[in-house]
Amino acid sequence: MFFDRNEIDRRIRQSIVKSERAIGKGEVASYIPELLNVDSDTFALAITSTTGDTYYYGEADKEFSIQSISKILDLLAALHDNTIEEVYTKVGSEPTSYEFNSLVPITDRAANPFINAGAITTSSMIRGLDVDDKFERVLDYYKLISGSDKARLMKDIYESEMETSVRNKAIAYYLKSKGIFDENPEEVLDLYIRSCSIGSNVKDLSHFGAVLANKGYGLNETKDLIPESIVSIIVSQMASCGMYENSGRYLMDVGMPSKSGVSGAILAIVPGLCGIAVYSPRLDKTGNSVRGKELLKILSYELDLNIFVR
Ligand code: DON
């Protein structure tokens with residue numbers, strides 16, 4: 001279905017109004033104390049098409065930590081620095097019905113790269129001189145792909161999570177005890193948490209998504225920022241594992257490969273068409289934004305975005 005710019009804008013506005021029924025539902029994440037320091041009813045949406053058209057609504061410049069959306073960056077960097085086989089012998093590729101910070105889905109290795117154990121594993125595979133150097137590389141990757149140099153480490157979020165990350169510490173030490181990586185677990189965890197604490201906004205995040213939707217090519221450029229073989233892995237893992245134990249139902253309802261973060265952000269991809277970023281901090285019990293999910297479901301229908309119904 002083809003819509004002109006005005007019709008797209010009208011349908012998006014209508015979808016946003018419909019999504020207001022989710023206002024006030026869910027709770028802001030509290031296990032990282034600094035995450036509570038937000039207006040729980042903040043709302044922002046950005047859509048960037050693969051041709052570079054942009055649509056922005058709500059507090060589109062508001063900075064938030066990308067949290068688990070950084071698991072895409074960890075996987076991207078690990079796949080850049082290692083072969084696909086090397087990465088996928090250390091981490092699985094299957095969804096799990098256990099929560100994102102569970103120790104249960106680690107048998108011989110983490111179930112997939114998008115639960116905490118998987119992203120801690122991929123973080124251990126990122127090359128660099130030290131944690132600062134490795135993080136600089138991850139952050140630079142994000143800046144390059146998002147087409148903006150605004151992203152930065154949100155120090156308050158980072159320090160707050162470092163002080164309270166007992167579960168992730170247990171996961172990192174457990175992985176090390178299993179021989180999954182040789183690196184110092186404290187340093188691996190530090191890198192993982194720094195990546196989670198990258199501050200961005202929906203505008204830049206949707207641009208990042210649009211590059212994934214554009215086979216890894218920069219928008220309106222012929223330069224490939226991410227190799228197609230890696231894009232294919234990332235987008236398919238987003239579809240199967242990006243929304244944790246809700247991934248199957250979410251894919252059925254929304255039909256877009258997506259990745260969420262506990263800050264309340266969700267990044268959705270429509271291959272060949274656009275990247276969509278939504279931010280609304282109240283979460284359901286699986287750690288996904290309630291209003292974000294609701295809006296993406298409505299938008300999928302209104303703008304004909306479901307990748308399984310073409
Ligand atoms: O490691 C954690 O628990 C957080 N930094 C990220 C978790 C997360 O975003 C889960 N997402 N919905």
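Computed from a predicted model, the values in this text were never measured in an experiment. Numbering of ligands and ligand atoms starts at 1, following listing order.
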- Item | Euclidean distance, N201 CG relative to D204 CG, rounded to 0.5 Å |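 Result: 4.0 Å between the selected atoms.
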
- When the ring planes of F100 and Y244 are compared, do they come out parallel, tilted or perpendicular, using 30° and 60° as the limits?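 F100 and Y244: tilted rings.
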
- Message: Which protein residues come within less than 4.0 angstrom of ligand 1, counting heavy atoms only?
- Response: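 These residues qualify: Y31, I32, Q67, S68, F100, N116, E161, N168, Y192, C196, Y244, S260, G261, V262, G287.
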
- Message: Among F64, F43, Y57, Y56, which residue satisfies the ring-ring contact (aromatic ring centres under 6.0 Å, His included) criterion with Y279?
- Response: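 By the ring-ring contact (aromatic ring centres under 6.0 Å, His included) criterion, Y279 pairs with just one of F64, F43, Y57, Y56: F64.
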
- Whether over 12 other heavy atoms sit under 6.0 Å from E27 CD: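 Incorrect, the count does not exceed 12.
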
- Item | Donor-acceptor pair between K90 and N82 side chains, under 3.5 angstrom |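 No donor-acceptor contact under 3.5 Å links the two side chains.
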
- Query: Does a side-chain N-to-carboxylate-O contact under 4.0 Å join R137 and D133?
  - Reply: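 Salt bridge absent between R137 and D133.
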
